[in-house]
Amino acid sequence: MNHSKVVIVTGGGRGIGAATAKLFSHHGYAVCINYKSNSNVATALANEINSSGGRCIAVQADVSQEVEVCRLFDTVDTELGQLTVLVNNAGILQTQMRLDEMNAERINTILTNNVTSYFLCCREAVKRMSTRHGGLGGVIVNVSSTAARTGSPNEYIDYAASKGAIDTLTKGLSLEVAKEGIRVNCVRPGLIHTQMHSDGGEPERVDRLKSHIPMQRGGLPEEVAEAIYWLACEKSSFSTGNYLDLAGGL
Ligand code: NAP
């Protein structure tokens with residue numbers, strides 16, 4: 001298969017990122033799975049994709065760190081070629097608590113991992129994709145959250161605010177690069193069955209809250225991946241600066 005299209009999926013080792021990496025590979029993309037710490041699952045997924053005829057590399061990089069983001073994109077330039085799509089997906093949650101219990105260290109950790117990381121990866125993608133810089137154009141899909149709308153009271157307002165920042169980044173950047181061949185959109189998943197909720201201290205969170213979801217169930221990573229792919233492919237060619245909610249009606 002000709003793998004001339006190249007995608008980076010940050011945080012691609014598990015959850016929504018892993019489902020996205022598999023789907024892009026299915027559609028013929030060469031895939032870079034970025035991960036921070038869990039090398040076993042990221043490497044296993046890359047091996048699975050490669051052994052089924054795809055082209056995939058797993059690259060360790062903490063995307064909250066500028067130097068590591070630059071190394072990630074340089075590695076993709078060298079090993080896979082011209083970047084076509086960036087999926088900004090890596091994100092973290094911390095233990096549920098009210099704002100009056102949060103300290104600055106916690107808040108800054110959320111903001112650097114969920115916001116600074118997306119800005120840095122967007123910057124590196126724009127440098128490579130923008131016709132202003134001699135690029136061929138491209139697409140950025142940011143993974144935001146329903147939390148940007150709900151605010152996540154009593155659980156993690158810091159996380160919700162970080163996703164609000166991603167909505168604003170998506171809008172501003174989409175307008176900044178609209179004439180330069182780059183589309184920028186985001187998906188806003190609701191409650192999705194992934195391991196992220198364990199990091200928030202409640203592995204069964206989706207099941208606890210599903211009765212509040214009009215469709216009465218949580219979503220699957222694969223359902224989010226399909227929306228990310230649609231926003232990245234030519235079928236959404238006139239869409240930029242938009243938010244696609246995937247929340248079962250929530
Ligand atoms: P997940 O299963 O916890 O996966 C998150 C991935 O991000 C992990 O593989 C982790 O890598 C990676 N990561 C975290 N910080 C990183 C960093 N600084 N550098 C590189 N990689 C980093 O979470 P998920 O549920 O699939 O979430 C994916 C995205 O969807 C996140 O942005 C999340 O906020 C968003 N989202 C999720 C839900 C939901 O209900 N699950 C709802 C709305 C939005 P390591 O494992 O290697 O550390």
Side-chain angles (χ1 to χ4, degrees), residues 8-22 32-46 58-69 71-73 86-94 96 108-121 141-152 155-156 158-167 169-170 186-210 212-213 217-225 227-228 243-248 250:
I8 296 176
V9 183
T10 68
R14 71 181 200 189
I16 293 167
T20 303
K22 281 190 212 175
C32 170
I33 295 170
N34 153 254
Y35 66 96
K36 180 165 72 175
S37 47
N38 204 336
S39 69
N40 287 348
V41 293
T43 306
L45 178 57
V59 179
Q60 191 284 329
D62 178 346
V63 288
S64 69
Q65 302 301 312
E66 189 164 20
V67 173
E68 299 193 26
V69 169
R71 176 173 53 75
L72 167 66
F73 280 74
L86 165 67
V87 180
N88 259 326
N89 167 78
I92 61 165
L93 267 186
Q94 296 194 33
Q96 295 171 4
N108 288 332
T109 299
I110 285 288
L111 294 178
T112 54
N113 277 278
N114 291 1
V115 182
T116 307
S117 58
Y118 278 47
F119 273 75
L120 293 173
C121 289
V141 182
N142 292 323
V143 181
S144 175
S145 172
T146 304
R149 292 187 280 121
T150 66
S152 302
E155 291 191 319
Y156 13 70
D158 52 351
Y159 170 85
S162 77
K163 293 304 186 180
I166 298 312
D167 287 3
L169 163 66
T170 301
C186 79
V187 293
R188 297 196 296 193
L191 292 157
I192 310 298
H193 288 283
T194 72
Q195 291 169 264
M196 174 172 255
H197 304 287
S198 300
D199 296 341
E202 190 186 1
E204 307 304 324
R205 178 168 174 264
V206 177
D207 286 329
R208 173 174 64 84
L209 293 172
K210 69 183 180 189
H212 299 283
I213 300 170
R217 67 170 179 88
L220 299 175
E222 291 75 15
E223 294 177 302
V224 181
I228 293 171
Y243 312 140
L244 180 46
D245 292 326
L246 303 148
L250 195 66

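Counting starts at 1 for both ligands and their atoms, following the listed order. For this chain, numbers begin at 1 and follow the sequence in order. Heavy atoms only: backbone and side chains are in, while hydrogens, waters and symmetry mates are out.
By the 4.0 Å N-to-carboxylate-O rule, Arg149 lies close enough to Asp245 to be salt-bridged with it. The pair Glu155-Arg205 meets the salt-bridge criterion, with a side-chain N (NZ, NE, NH1 or NH2) lying under 4.0 Å from an Asp/Glu carboxylate O. Between Glu66 and Arg71 there is no salt bridge, since none of the side-chain N atoms of the basic residue sits less than 4.0 Å from a carboxylate O of the acidic one.
Residues Gly190 and Thr146 approach most closely at CA-OG1, 3.0 Å, considering heavy atoms. Taking both residues in full, the closest heavy atoms of Lys36 and Asn113 are given as NZ-OD1, 3.5 Å, listed atom of the first, atom of the second, then distance.
For the residue pair Asn34 / Thr10, no side-chain donor-acceptor distance below 3.5 Å is found, with atom types taken as modelled. Side chains of Ser64 and Asp62: a donor on one and an acceptor on the other come within 3.5 Å. Side-chain contact check for Asp167 and Ser144: at least one donor-acceptor pair (N or O, by modelled atom type) lies under 3.5 Å.
Among all protein heavy atoms, the one lying closest to atom 44 (C) of ligand 1 is Ser144 O, 3.2 Å. Protein heavy atom at the shortest distance from atom 11 (O) of ligand 1 is Lys36 N, 3.8 Å. Shortest contact from atom 25 (O) of ligand 1 to any protein heavy atom: Thr194 OG1, 2.5 Å. In this structure, the protein non-hydrogen atom closest to atom 19 (N) of ligand 1 is Val63 N, 3.0 Å. Arg14 NE, 3.5 Å is the protein heavy atom nearest to atom 4 (O) of ligand 1. Atom 26 (O) of ligand 1 has its closest protein heavy atom at Ile16 N, 2.8 Å. Of the protein's non-hydrogen atoms, the one nearest atom 32 (O) of ligand 1 is Asn89 O, 2.7 Å. In terms of protein heavy atoms, atom 36 (N) of ligand 1 is closest to Tyr159 OH, 3.5 Å.
Of the listed residues (Ala90, Pro221, Ala19, Gly91), the one carrying the non-hydrogen atom nearest atom 5 (C) of ligand 1 is Gly91. Checking Cys121, Gly190, Ser145, Ala225 against atom 38 (C) of ligand 1, the nearest heavy atom belongs to Gly190.
At a 4.0 Å heavy-atom cut-off, ligand 1 touches Ala61 through the backbone alone. Heavy atoms of Thr10 found under 4.0 angstrom from ligand 1: none, in either backbone or side chain. Here Lys163 has side-chain heavy atoms under 4.0 Å from ligand 1, and that is the only part of it that gets that close. The side chain of Asn113, and not its backbone, has at least one atom closer than 4.0 Å to an atom of ligand 1 (non-hydrogen atoms only; side chain from C-beta on). For His197, every heavy-atom contact with ligand 1 shorter than 4.0 Å involves the side chain, none the backbone.
Residue Asn34 has at least one heavy-atom neighbour below 4.0 Å for each of these atoms of ligand 1: 20 (C), 21 (N). Within ligand 1, the atoms closer than 4.0 Å to a non-hydrogen atom of Asn38 are 45 (P), 46 (O), 47 (O), numbered from 1 in the order shown. Short contacts between ligand 1 and Ser37, defined as distances under 4.0 Å to a heavy atom of the residue, involve ligand atoms 45 (P), 47 (O), 48 (O). For ligand 1, the atoms sitting less than 4.0 Å from at least one non-hydrogen atom of Gly15 are 2 (O), 26 (O), numbered in the order shown with element in parentheses. Atoms of ligand 1 found under 4.0 Å from any heavy atom of Asp62, numbered from 1 in the order shown, are 17 (C), 18 (N), 19 (N). Below 4.0 Å from some heavy atom of Tyr118 lie the following atoms of ligand 1, by number and element: 32 (O).
In terms of modelled atom types and a separation under 3.5 Å, the side chain of Lys163 and the main chain of Gly151 share no donor-acceptor contact. Of the possible donor and acceptor atoms, one in the side chain of Tyr118 sits under 3.5 Å from a partner among the backbone N and O of Asn88.
Among the candidates Val69, Val63, Ile92, the single residue satisfying the side-chain contact (heavy atoms from CB on, under 4.5 Å) test with Ser117 is Val63.
By the 3.5 Å distance cut-off applied to N or O atoms, Gly17 is not counted among the residues near ligand 1. At under 3.5 Å, not a single nitrogen or oxygen of Leu191, backbone or side chain, sits near a nitrogen or oxygen of ligand 1. Where the criterion is an N or O separation shorter than 3.5 Å, residue side chain and backbone included, Ile92 fails it with respect to ligand 1. The shortest N/O to N/O separation between Thr146 and ligand 1 does not fall below 3.5 Å.
Partners of Tyr159 according to the ring pair (Phe, Tyr, Trp, His ring centres under 6.0 Å) rule, which considers only residues two or more places apart in sequence or in another chain, are Tyr156. Remark: Gln65 engages no residue in a side-chain hydrogen bond (donor to acceptor under 3.5 Å, both in side chains) (not counting sequence neighbours).
Within the 4.5 Å cutoff, the side chain of Ile110 has heavy atoms near those of the Gln94 side chain. A heavy-atom distance below 4.5 Å is not found between the side chains of Cys32 and Val9.
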